[in-house]
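All heavy atoms count here, side chains included; hydrogens, waters and symmetry mates do not.
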Amino acid sequence: MSFPLLTATAALPAVGAIATAAVPAARRSAAKWLALLVSLATLALAVTVLVRFDPDGARYQLTESRSWIADFGVRYELGVDGIGVALIALTALLIPFIILAGWHDADPLETKSSRWRPTQGFFALILAVEAMVIISFEATDVFLFYIFFEAMLIPMYFLIGGFGDRAHAGSDENAAAQRSYAAVKFLLYNLVGGLIMLAAVIGLYVVAGNFSLQEIAEARANGTLDMATNTERLLFLGFFFAFAVKAPLWPLHTWLPNAMGESTAPVAVLITAVVDKVGTFAMLRFCLGLFPEASKWATPVILVLALISIIYGALLAVGQRDIKRLVAYASISHFGFIILGIFAMTSQGQSGATLYMVNHGISTAALMLVAGFLISRRGSRLIADYGGVQKVAPVLAGTFLVGGLATLSLPGLAPFVSEFLVLVGAFARYPVVGIIATVGIVLAALYTLVLYQRTMTGPVKAEVSAMPDLRVRELVVVAPLIALLIGLGVYPKPLTELVNPAVKHTMSDVQKKDPEPEVEAAK
């Protein structure tokens with residue numbers, strides 16, 4: 001039997017989480033280093049997966065399949081396509097930076113009399129989330145995917161509620177209440193979506209007799225599985241609702257600004273750059289793969305919701321006074337672009353959506369982590385409390401600017417390619433939708449540049465006059481992310497070659513072809 005590489009990639013951070021949590025209370029530093037080493041080892045395994053994956057080979061590769069709950073047709077089945085490989089690499093890449101950025105975030109919570117080890121728990125929970133997200137990208141058994149899709153809510157709940165942002169206006173009691181509210185709201189929204197999905201998962205088993213994504217797709221292709229139209233639509237809605245909550249798509253988005261605002265900056269990155277990608281990934285793999293006809297049926301409504309997310313999220317970002325909530329609403333707008341690309345049903349749109357998932361993860365991580373370093377120095381999340389930072393901390397201001405420019409998809413930075421492909425793909429089939437979506441670009445420029453102007457330029461406020469610039473640990477976090485934004489912006493070919501074959505398979509699932517360009521014959 002060949003080495004179970006996919007299992008190892010997910011199991012290593014899970015084992016690392018247990019080991020980190022078990023480190024003695026007095027060895028706080030050892031727990032941090034252990035978590036970092038585990039995350040780097042996981043990154044090495046993810047790179048191995050990336051190297052061994054052949055974009056021109058079979059659709060699902062490095063597959064593993066074992067009987068699990070035989071009486072109910074549940075199997076432990078793993079496999080990756082190009083989209084899954086790209087997102088596994090993104091997850092494994094970001095976790096070491098998240099750990100480094102949050103190196104001291106849990107320290108103030110620890111007391112000598114506490115029997116609970118919050119520092120160890122903080123890093124153990126991050127590794128646990130990593131394990132569950134990676135196996136979600138690998139699972140080709142629907143029931144297996146569902147278990148980890150839901151299980152990741154538990155460590156995220158404790159990361160938001162137990163290790164929230166310390167730069168909170170008001171009393172400690174008020175801050176704790178806000179963190180608790182954000183954590184409970186996050187959990188309830190996602191649990192409701194998960195319960196509706198569970199009903200759809202059971203319905204799928206009743207109709208198909210198993211949970212294997214590949215077997216169900218093959219049965220549909222050879223005509224041995226024929227879902228009634230209404231049944232397929234109901235099952236699709238059950239799956240899509242859960243994924244739209246996770247994504248998050250308007251009007252199911254309201255948990256995200258609270259969760260990101262009350263979390264530490266590294267946990268906010270974990271939410272929007274890693275965990276939320278499971279929702280959009282699952283739309284491609286499960287909604288379009290299992291329910292192609294229902295996906296086409298629901299497309300007009302989903303495109304409208306995606307457009308509302310794009311415009312609404314950007315407009316609310318423009319009006320924000322809180323730095324972290326601004327980034328949260330900007331992310332809602334960006335997820336609207338991702339969902340627009342998925343349901344444009346064109347190869348350019350879906351390739352752009354996949355690239356957007358990766359590039360949004362990198363750009364949001366860069367911007368939010370630098371914002372976190374800024375907030376930790378001043379002790380405030382309010383934009384009005386800053387001014388003139390570029391004169392006292394030019395490296396911090398410069399990296400903040402690059403992260404912001406990537407957020408507005410400046411040409412030459414990675415998100416531009418993604419957004420361009422999404423808009424081209426949308427315009428090819430739905431010109432009016434593509435035109436309206438471009439309004440989001442203008443608004444992105446507005447909220448990003450206004451944020452930079454108000455925080456970094458102008459007279460130096462007394463409260464920031466002694467602000468130190470980025471330290472070595474912080475530069476180690478930010479510099480590679482900036483390099484990736486520039487590298488993938490200038491040369492995105494390796495990423496497009498990885499995901500394009502998988503996109504062709506998805507287009508084949510829904511039996512869609514790209515529209516032919518309308519070119520007038522020369523007279």
Side-chain angles (χ1 to χ4, degrees), residues 156 160 182 185-186 188-190 193 240-263 265 267-283 301-343 352-353 356-368 371 381 383 403-404 406-409 415 418-419 422-423 426 433 436-448 450-451:
M156 285 306 310
I160 297 168
K185 189 173 184 179
F186 162 82
L188 289 178
Y189 267 66
N190 284 274
F240 181 80
F241 183 86
F243 303 152
V245 172
K246 185 86 78 180
L249 177 68
W250 184 92
L252 305 171
H253 68 285
T254 60
W255 63 268
L256 183 65
N258 296 101
M260 288 185 67
E262 299 305 323
S263 300
V267 173
V269 171
L270 188 65
I271 294 170
T272 191
V274 177
V275 172
D276 287 354
K277 298 300 187 297
V278 178
T280 46
F281 164 80
M283 290 180 188
V301 174
I302 294 172
L303 291 179
V304 171
L305 295 179
L307 283 177
I308 294 174
S309 288
I310 292 169
I311 307 301
Y312 172 86
L315 284 173
L316 264 66
V318 170
Q320 287 304 305
R321 296 180 297 171
D322 183 309
I323 296 174
K324 291 167 72 175
R325 290 179 71 90
L326 185 152
V327 178
Y329 280 109
S331 290
I332 291 169
S333 181
H334 295 147
F335 275 102
F337 276 108
I338 294 171
I339 295 170
L340 173 64
I342 292 171
F343 285 90
Y356 216 130
M357 290 186 232
V358 176
N359 294 331
H360 170 263
I362 299 170
S363 62
T364 299
L367 179 61
M368 180 60 85
R381 304 185 333 226
I383 297 172
T407 298
L408 65 82
S409 299
S418 317
E419 203 162 271
V422 166
L423 291 173
V433 171
I436 296 173
T438 57
V439 176
I441 301 175
V442 179
L443 294 173
L446 180 60
Y447 63 68
T448 300
V450 168
L451 171 64

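Residues I441 and L423 meet the side-chain proximity criterion, which asks for heavy atoms closer than 4.5 Å. At least one side-chain heavy atom of L326 sits under 4.5 Å from a side-chain heavy atom of I383. Between V442 and L446, the closest side-chain pair of non-hydrogen atoms is not below 4.5 Å. Looking only at side-chain heavy atoms (C-beta outward), V450 and V318 stay at 4.5 Å or farther from each other. Side-chain contact between I332 and L316 is absent, with no heavy atoms from C-beta onward closer than 4.5 Å. Using a 4.5 Å heavy-atom threshold, the side chains of I271 and W255 count as touching. Contact of the K246 side chain with the T280 side chain is not registered, since no non-hydrogen atoms from C-beta on lie closer than 4.5 Å.
In this structure S331 satisfies the side chain to side chain donor-acceptor pair (under 3.5 Å) test together with T272, H360, sequence neighbours excluded. With sequence neighbours excluded, no residue forms a ring pair (Phe, Tyr, Trp, His ring centres under 6.0 Å) with Y447.
The two residues A314 and S333 make their nearest non-hydrogen contact at N-CB, 3.8 Å. Considering all non-hydrogen atoms of both residues, A328 and P257 come closest at CB-CA, 3.8 Å. Minimum heavy-atom separation, T254 to Y189: OG1-OH, 2.7 Å. Across all their heavy atoms, A437 and F337 have their closest contact at O-CZ, 3.4 Å. Of all heavy-atom pairs between L307 and V433, the closest is CD2-O, 3.6 Å. When all heavy atoms of G336 and I310 are compared, the pair lying nearest together is C-CG1, 3.6 Å.
Of the possible donor and acceptor atoms, one in the side chain of S309 sits under 3.5 Å from a partner among the backbone N and O of W250. Checking side-chain atoms of H334 against main-chain N and O of T407 turns up a donor-acceptor pair under 3.5 Å.
The ring of F335 has its center no closer than 6.0 angstrom to the ring center of H253.
With rounding to the nearest 0.5 Å, the separation of OG1 in T438 from CG in L443 is 10.0 Å. The OH atom of Y329 sits 5.0 Å away from atom OH of Y312, with the distance rounded to the nearest 0.5 Å.
Test K185, R381, R325, K324 against E262 for salt bridge (Lys or Arg N to Asp or Glu O under 4.0 Å) and you get one pass: R381.
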